[in-house]
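Proteins get letters first, then strands, A, B, ... in listed order; numbering begins at 1 in each. These values consider heavy atoms only, across backbone and side chains, with no hydrogens, waters or symmetry-generated copies.
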Amino acid sequence: MDYNFHEIEKKWQKYWEDNKTFKTPEDLTNPNKCYILDMFPYPSGAGLHVGHPEGYTATDIFSRYKRMKGFNVLHPMGWDAFGLPAEQYAIQTGTHPSITTKNNCDTFRRQIKELGLSYDWDKEINTTDPKYFKWTQWIFIRLYNTWFDDKLQKGRPVSELHIPKELTGSDKTKYIDSKRLAYYANAQVWWCPSCRIVCANEEVLTDGSHEKCGNRVEKKNLKQWMLRIQLYAERLLKGIDSLEWPEGIKDMQRNWIGRSTGAEVDFKIDGLNENLRVFTTRPDTLFGATYMVIAPEHPLTGIITTDDHKNSVNDYIKATSLKSDLDRTDLAKDKTGVFTGRYAVNPVNKKLIPIWVADYVLTGYGTGAIMAVPAHDNRDFEFALKFKLPIVCIQDPDVSDHDQKKRILEGKECWTEDGKYINSSDKLTGIDINGLNKEAGIAQITSWLEAGNLGTAKINYKLRDWLFSRQRYWGEPFPVIHWEDGEITLMNDNELPLELPKLEKYLPGESGESPLSNSDEWLNVTDKNGRKGRRETNTMPQWAGSCWYYLRFIDPKNDEVIFDVAKEKYWMPVDLYIGGAEHAVLHLLYSRFWHKVLSDLGIVSTDEPYRRLFNQGMILAFAYETESGSKVSGDLVEERENKYFHKETGAELRQIVAKMSKSLKNVVNPDDVTSKYGADSLRLYEMFMGPLDVTKPWDDKGVKGVFGFLGRAFRFMSSPENITSGAEDPEILKSLHYTIKKAEGDIETLRFNTAISQMMIFINLANKKGKVTLETANTFTKVLAPFAPHAAEELWSLLGNKNSLAYEPWPLFNEEYLKEDNFDYPVSFNGKTRYNISLPVNMLKEEIIKIVLADERSQKWLGGNTPSNIIVVPCRIVNIVIKN
RNA sequence: GCCCGGAUGGUGGAAUGGUAGACACGCAGGACUUAAAAUCCUGUGACCAUUGCGGUUGUGCGGGUUCAAGUCCCGCUCCGGGUACCA
């Protein structure tokens, strides 16, 4: 029978929808549950990209397989629909973002349904739905009302916070606010004065201009909501160990959190009654500290700078405000800095060392000031050379090259490896670490600092607090009111959701405020005593909705509580989470942070949200460029003998692999693929392209390969003359059982490409043999089902079965059929395979050696030599070693 | 810059330290066809040899460990992702 995928796919999609085949089981007694989650998409106006179905097909295969294995499966889909594009479209056209968003969601839903993905659509959610973001606001209120107990390493309700008795009134409020996980503070943002809008970092080009208008952006301080994620750094770090995540992603999270142990050291400032505190991971190198550097934004900069240096320092600060952090800390860039005219006292030897201002020191990390040890730090060394600052070597370099050693000792070369301390003692202060190694040195100096009240051991994290507000319209409003007397209050739970007002114009306000400030009616409130207040005009970042959506999927229609406790307990944690590697740090870290807070408050039952994570690779596409690098649209390219030519100019083109983009005209629309080859082929191709986690280029021609396979499989299995009764051919039986085993193992480890190639091998064999039994046909159909569900359902019914095969038990494989009597040993000489010999699998090594040495082919390769060694690895290899 | 990942035929890729190139695309030849498409069959890393057998070489570059390295270790090159307001 012909493989009429159009008809088959329509038929089964309707069947699944009509029968609610993939409705999540209500029964919470089955101990085998599996929560399989995709990173839900931002529904862009461009519609589904072929990158989306990659992850979605992977989770779909896994879900269908788990159902066949008897698991209760939760597999939902929804929309992360707040975001910039809808807002920008609203600014241009006046169309309300909710309309744009609804249209985009409708397109996405239709496209996803056409792929035959087994989502439970009753669980669909949308982050922009007030019924959803009511609970996002509810969580914000929880964050606001939580403080972090350092001793217990746990978030606790503010009602349990011990407040010192002497604090009253605004001091008390200040104290509590300083403990809340959500706080209101000044933060720096990029600001484009000509667009009057806050810019994302990625909108700011390297020359400091705004991508959209080309004008210079500047840094601006705005009052912003921040979340104290830093307090959870240790918990977030420790939690990583328990996760079944790719090691690379775990490393990225660890490095992002950036824990380092060291000390905070106070340096007296000469001539002022002030201390300059630095954080250093190497307090042991204090003797090598020959100058200090503070960030331009450091609060002491103005105080420290002497009058005759004021002008140069002020100019420098101005210049810095135009640079990004990335620019500032770029090691390849020339170091800049200015002297403040002031000196500090090095606590270990009382020497006066100059204090400089330089932008390679950032306020956000450590204390915003460093001690510089140029002899043993590349950055400090470069800076010292440029500004002719002293360089004192304090570690004996372990190098054999005499000249190099001399250069290092004289401070003419930087030594960043370890070495025993030299020049590290002082009679006056009584400290001496000469001859010690690094660990001992750090320990001794730290305890000396602590004893003298000059510093303390300190753990520092790179992780910064999370800037949690945006000056935008299309986001969750904060349930916050700022009152005229300066008080800030949050709305009550029963007043939620706070919805967005309808606006005429979506342009931002004059001073960089969000467009919400234009809506007087919404903005201004009065309490029962006549006190006037103003709502928070910032909105939450897009992360807010995606931080906890996996929890709402469990019970998405519940209007009483955020989710049912019993359901949460049953379904959490997420057993498999698949999405792009671009979310390796931010989304996953923020989400884990919220989860831990919710866990501390007893709202969720697990400590981590995502037990197993997998990152799919990006799908790229071929693009073409001329010799000079200008891009040529794909429809103007002609291929001849593996070379590419411009159809019009005839010039030879280079084939490159690049992200799909409109400008390269290499975007592949999934709709085109499904209409030409069907959804099953699209699914199968995306899985067959290569390993799920690698970046790979789309190739239309590749779809033909899997389409051919599906057609062959379908035609073979659906032709009654190919289906026989009686005993199965042993070769078929062996291949079938190997296919079951391979598919099962490969699905568990998400290596779908090799599972598919094994199914191809089986079908090639079946075609060659021409006949299989009904049982074999049924079994193969079940193995195919998670991958190509429409074709499999149709075959299942053509083979005479009733109902869907979605819940048919996954076939068991029988090892007996896989056993071999003989193994075809490769015989190699000095590691090079020369010939093969088939021997019984259970033959002893001695016997194998005897037979191999007696073989005339061995005699030829030995050439009269006696082997010096013979390696026999059972059922693997024979290697004969000859020494010359 | 920093963190993470990657590099294997013309192409996508396969390979628990044990026969490199499974499977698929493409290409070449053949069958079917008036012809084309579709389908089916055969061949296909490179080089040398060739009637046939065969041989040499080969996994980005340079070293190392091992009986044996695509795989492990050290040092590079190039490409991709992230870099905190794209999500």
Side-chain angles (χ1 to χ4, degrees), chain A residues 39 41-42 44 80 82-85 189-190 198-204 224 229 246-256 258 324-333 364 379 462-467 469-472 541-543 546 580-587 589-590 615 617-618 620 622 639 641-643 655 657 659 685 688-691 693-706 708-709 711-712 715 753-754 756-761 764 767 824-828 830-836 867-871 873 875-882:
Chain A
M39 289 185 188
Y42 171 73
S44 75
D80 186 16
F82 278 124
L84 266 183
V189 293
W190 285 116
V198 175
C199 313
N201 276 345
E202 71 153 19
E203 292 179 275
V204 179
Q224 308 266 302
I229 189 173
E247 285 306 317
I249 303 290
K250 292 209 231 177
D251 280 343
M252 282 168 77
Q253 290 229 344
R254 289 191 187 104
N255 294 332
W256 187 265
S324 72
D325 286 359
L326 207 62
D327 263 351
R328 288 170 55 167
T329 51
D330 191 335
L331 287 180
K333 297 237 163 93
R379 237 171 1 177
K462 271 200 197 115
L463 180 67
R464 303 203 296 260
D465 274 350
W466 176 11
L467 201 162
S469 43
R470 302 288 183 270
Q471 296 65 48
R472 300 267 151 74
Q542 196 169 10
W543 307 113
S546 61
E582 65 273 20
H583 294 292
V585 179
L586 293 180
H587 159 64
L589 200 66
Y590 291 154
N615 292 110
M618 203 182 302
L620 306 176
F622 292 117
E639 185 185 344
E641 291 163 14
N642 298 324
K643 286 182 179 169
Q655 187 185 56
V657 170
K659 272 193 202 179
Y685 173 58
F688 186 64
M689 285 171 84
D693 54 348
V694 309
T695 304
K696 44 209 173 282
W698 179 274
D699 187 356
D700 276 328
K701 284 181 248 158
V703 189
K704 268 177 76 176
V706 292
F709 156 71
R712 267 195 304 281
R715 285 189 300 272
N753 54 331
T754 46
I756 293 167
S757 75
Q758 180 53 40
M759 287 192 271
M760 289 173 168
I761 292 169
N764 289 346
N767 262 306
D824 199 24
Y825 277 91
V827 180
S828 60
N830 286 343
K832 278 185 187 172
T833 306
R834 296 304 182 182
Y835 69 91
N836 285 44
S868 59
N869 194 5
I870 301 174
I871 313 276
V873 183
C875 291
R876 190 108 318 159
I877 201 165
V878 177
N879 189 22
I880 298 168
V881 187
I882 310 161

Side-chain contact check for A/Met760: nearest option of B/A24, B/G26, B/A15 is B/A24
With a 4.5 Å limit on heavy-atom distance, are the side chains of A/Leu589 and A/Trp256 in contact?
yes
Atom CG of A/Leu589 and atom P of B/C3 are separated, to the nearest Å, by 18 Å
Taking any heavy-atom pair under 4.0 Å as a contact, classify A/Leu467: base, sugar-phosphate, or nothing.
base
Aromatic ring pairing A/Tyr685/A/Trp698, orientation class (parallel under 30°, perpendicular over 60°, tilted between):
perpendicular
At 4.0 Å (heavy atoms only), tell me whether A/Asn255 reaches a base, stays on the sugar-phosphate, or touches nothing.
sugar-phosphate
Could you tell me how far apart A/Arg834 (CZ) and B/A68 (P) are, to the nearest whole angstrom?
15 Å
Closest to the A/Val694 side chain, choosing from B/A84, B/U19, B/G13:
B/G13
Under 4.0 Å, counting only non-hydrogen atoms across every strand here, what does A/Asn753 touch: a base, just sugar-phosphate, or nothing?
sugar-phosphate
Look up atom CD1 in A/Ile871 and atom CD1 in A/Ile880, then write down how far apart they are to the nearest 0.5 Å.
10.5 Å
On a whole-Å scale, what distance lies between the P atoms belonging to B/G26 and B/A38?
9 Å
Using a 4.0 Å heavy-atom cut-off across all strands, classify A/Pro691 as base, sugar-phosphate, or nothing.
sugar-phosphate
Atom C1', compared across B/U71 and B/G21: separation rounded to whole Å:
15 Å
Could you give me the stems involving RNA chain B, meaning stretches of three or more consecutive Watson-Crick or G-U wobble pairs whose two defining distances are both below 3.5 Å?
B:1-7 with B:77-83, B:10-12 with B:23-25, B:26-31 with B:39-44, B:45-48 with B:54-57, B:60-64 with B:72-76
Would you mind classifying the nucleic acid contact of A/Phe688 as base, sugar-phosphate or nothing, using non-hydrogen atoms under 4.0 angstrom?
base
Relative to the 5' end of RNA chain B, which residue comes earlier, A/Val881 or A/Asp251, by the nucleotide with the nearest heavy atom?
A/Asp251
Tell me what A/Met39 touches on the nucleic acid: a base, only sugar-phosphate, or nothing, going by heavy atoms under 4.0 Å.
nothing
In whole angstroms, how far is the P atom of B/G13 from the CG atom of A/Leu620?
10 Å
With heavy-atom distances below 4.5 Å as the criterion, would you say the side chains of A/Met689 and A/Val694 are in contact?
no
Nearest-neighbour nucleotide for the A/Thr695 side chain, B/G80, B/U19, B/C40 considered:
B/G80
Give a yes or no on whether A/Lys250 atom NZ has more than 12 heavy-atom contacts from other residues, nucleotides or ligands under 6.0 Å away.
yes
Roughly how far apart, to the nearest Å, are B/G82 and B/C48 at atom P?
46 Å
Report which part of the nucleic acid A/His587 touches: base, sugar-phosphate, or nothing (heavy-atom distance under 4.0 Å, all strands).
nothing
Tell me: NZ of A/Lys704 to C1' of B/G12, nearest whole Å?
15 Å
Below 4.0 angstrom from OP1 or OP2 of B/U66, is there any side-chain N or O of A/Asn879?
no
Over all strands shown, is A/Glu247 touching base, sugar-phosphate only, or nothing at heavy-atom distances under 4.0 angstrom?
nothing
Of the options B/C4, B/C85, B/G18, whose atoms approach the side-chain atoms of A/Gln471 most closely?
B/C85
Between A/Tyr590 and A/Gly705, the residue closer to the 5' end of RNA chain B by nearest nucleotide is A/Gly705
Rounded C1' spacing from B/U39 to B/C4 in Å:
47 Å
Candidate nucleotides B/C67, B/U19, B/A22, ranked by approach to the side chain of A/Ile761 - the nearest
B/A22
Could you work out the separation of B/C79 and B/U8 based on their C1' atoms and round it to a whole Å?
16 Å
So, taking the atom named CZ in A/Phe709 and the one named CE in A/Met759, what distance separates them when rounded to the nearest 0.5 Å?
5.5 Å
Determine whether A/Val827 and A/Asn836 make a side-chain contact, defined as any pair of heavy atoms from C-beta on separated by less than 4.5 Å.
no
Checking B/A24, B/A84, B/G12 against the side chain of A/Arg712 (C-beta onward), the nearest is B/A24
Counting the atoms with a prime plus P, OP1 and OP2 as sugar-phosphate, which does A/Arg254 contact under 4.0 Å by heavy atoms, base, sugar-phosphate, or nothing?
nothing
Let's test your reading of the model: under 3.5 Å, does the base of B/C23 pair with the side chain of A/Gln758 as donor and acceptor?
no
Whole-Å distance, A/Ile880 CD1 to B/U19 C1', equals 14 Å
Tell me if B/G13 is syn or anti. Syn = glycosidic torsion within 90° of 0, anti otherwise.
anti
Please work out if A/Ser868 contacts a base, only the sugar-phosphate, or nothing of the nucleic acid, heavy-atom cut-off 4.0 Å.
nothing
With respect to the phosphate group of B/G81, does any side-chain polar atom (N or O) of A/Asn615 fall under 4.0 Å of OP1 or OP2?
no
Taking the C1' atom of each, how far is B/G60 from B/C78, in whole Å?
8 Å
For A/Trp543, what residues pass the side chain to side chain donor-acceptor pair (under 3.5 Å) criterion, not counting sequence neighbours?
none
Whole-Å distance separating the CD atom of A/Gln253 from the C1' atom of B/A84:
13 Å
Rounding to a whole Å, what distance do you find between A/Tyr685:OH and B/C23:P?
18 Å
Worked check of side-chain contact (heavy atoms from CB on, under 4.5 Å) between A/Asn615 and A/Ile249:
CA-CA 9 Å; A/Asn615 292 110; A/Ile249 303 290; 3.1 Å; yes
Separation between the C1' atoms of B/U77 and B/C23, rounded to whole Å:
32 Å
Which nucleotide, B/C86, B/U83, B/C23, lies nearest any side-chain atom of A/Leu84?
B/C86
Roughly how many Å apart are B/G6 and B/C27, using the C1' atom of each and rounding to a whole number?
28 Å
Touch class at under 4.0 angstrom, heavy-atom based, for A/Gln224 against every strand present:
base
Yes or no on side-chain contact (heavy atoms from CB on, under 4.5 Å) for A/Ser546 and A/His587, after CA distance, side-chain angles and deciding distance?
CA-CA 8 Å; A/Ser546 61; A/His587 159 64; 3.7 Å; yes
Rounded to the nearest 0.5 Å, how far does CG of A/Asn753 lie from NZ of A/Lys696?
8.5 Å
What is the distance, rounded to the nearest whole Å, between atom NZ of A/Lys462 and atom C1' of B/C4?
13 Å
Answer with base, sugar-phosphate or nothing: what part of the nucleic acid does A/Asn767 contact at a heavy-atom distance below 4.0 Å?
nothing
Using a cut-off of 4.0 Å on non-hydrogen atoms, how would the nucleic acid contact of A/Val873 be classed: base, sugar-phosphate, or nothing?
base
Would A/Glu247 and A/Met252 count as a side-chain contact (heavy atoms from CB on, under 4.5 Å) if you check the C-alpha gap in whole Å, the side-chain angles of each, and the deciding distance to 0.1 Å?
CA-CA 9 Å; A/Glu247 285 306 317; A/Met252 282 168 77; over 6 Å; no
Does a nitrogen or oxygen in the side chain of A/Lys696 sit under 4.0 Å from OP1 or OP2 of B/U11?
no
Strictly below 4.0 Å: does A/Arg470 bring a side-chain N or O up to OP1 or OP2 of B/C85?
yes
